[in-house]
Amino acid sequence: MHIPESNGSAPWLARVLTIFPEMFPGPLGHSLAGKALEAGIWQLETLDIRSFASDKHRSVDDTPFGGGAGMVMRPDVISAAVEAARGHGGQEHTGPVIYLSPRGAPLTQERARALADSPGAILLCGRYEGVDQRALDRLEVEELSVGDYVLSGGELAAMILMDAVVRLLPGVMGNVETLSEESFEQSLLEYPLYTRPAVWEGMEVPEVLLSGHHERIRQWRQAQAEEITRARRPDLWARVEATRAGRRKQR
Ligand code: SAM
């Protein structure tokens, strides 16, 4: 098993703002992300949004102006929490402030890769109906969504984002080649995978994979990845075609 090793540079720093700090590290304390956390490749800090409330009930939310269901997270409390996260414990955080939100831009592999190249991120986890718009505008937060569905809070979304980023940090994955062949690299989904036994319940592994012929295997995988992407994700496939057309024009 691969044991991650810190490369000596400053750890990727995730500062998570949440009313449920006890949820962390949760699943991120296990497997690859957990080992990388232990190895100091990344660092996880939580700030309890409630500790920035100013009343004796530690309220972080209030009823929406204009009426309607649910509660809204107060701008003064959220703003104080984010400002504290930017300079927490004397250690300034220069990474982006990201509000996990179903209204956000979709979290993509490309964004995860860019985040892995940054010093870290401040992750704001919403609860209730979400955060007062004025705080989001004033703090210039980036909104990212983990999918077209509504979660009950931003904590799981923040964990998804961190998991996607941490596995891209130098030293986390043993085999860097694995990363370059994964889904979404070159906008393609991954080709089908097979392992032993070579025949299982009467089903055989494609013959080419047993041939030992590297170039034929590469071509087969490329064709499969293209076929799967074309069939399952026309949106990604359109991007592949556009990139290829652009390259042809440049020649
Ligand atoms: N009223 C909001 C709406 O309709 O867009 C949904 C609020 S949701 C119940 C509470 C919090 O969960 C949000 O503020 C956000 O932080 C988080 N959340 C829910 N769905 C999410 C998603 N798809 N991606 C990222 N964060 C999400």
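All values below were derived from every heavy atom in this structure, side-chain atoms included, with hydrogens, water molecules and symmetry-related copies excluded. We count ligands from 1, going down the list as the structure has it; atoms in each ligand are counted the same way.
Salt bridge Glu110/Arg113: absent, no basic N to carboxylate O contact under 4.0 Å. Salt bridge present: Arg74 and Asp76 bring a charged side-chain N and a carboxylate O closer than 4.0 Å.
Evaluation of the side chain to side chain donor-acceptor pair (under 3.5 Å) test over residues 242-251, restricted to residues two or more places apart or in two chains, returns Glu226-Arg244.
In this structure, Asp148 places its CG atom where only 12 or fewer heavy-atom neighbours from other residues, nucleotides or ligands lie under 6.0 Å away. The number of heavy-atom neighbours closer than 6.0 Å to CD of Glu140, taken from other residues, nucleotides and ligands shown, is 12 or below.
Each of Ile98, Val146, Leu156 was checked for a side-chain contact (heavy atoms from CB on, under 4.5 Å) with Leu161, and the lone residue meeting it is Ile98.
Residues with a heavy atom under 4.0 Å from ligand 1: Tyr99, Leu100, Ser101, Pro102, Gly126, Tyr128, Glu129, Gly130, Leu144, Ser145, Val146, Gly147, Tyr149, Val150, Leu151, Ser152, Gly153, Gly154, Ala157.
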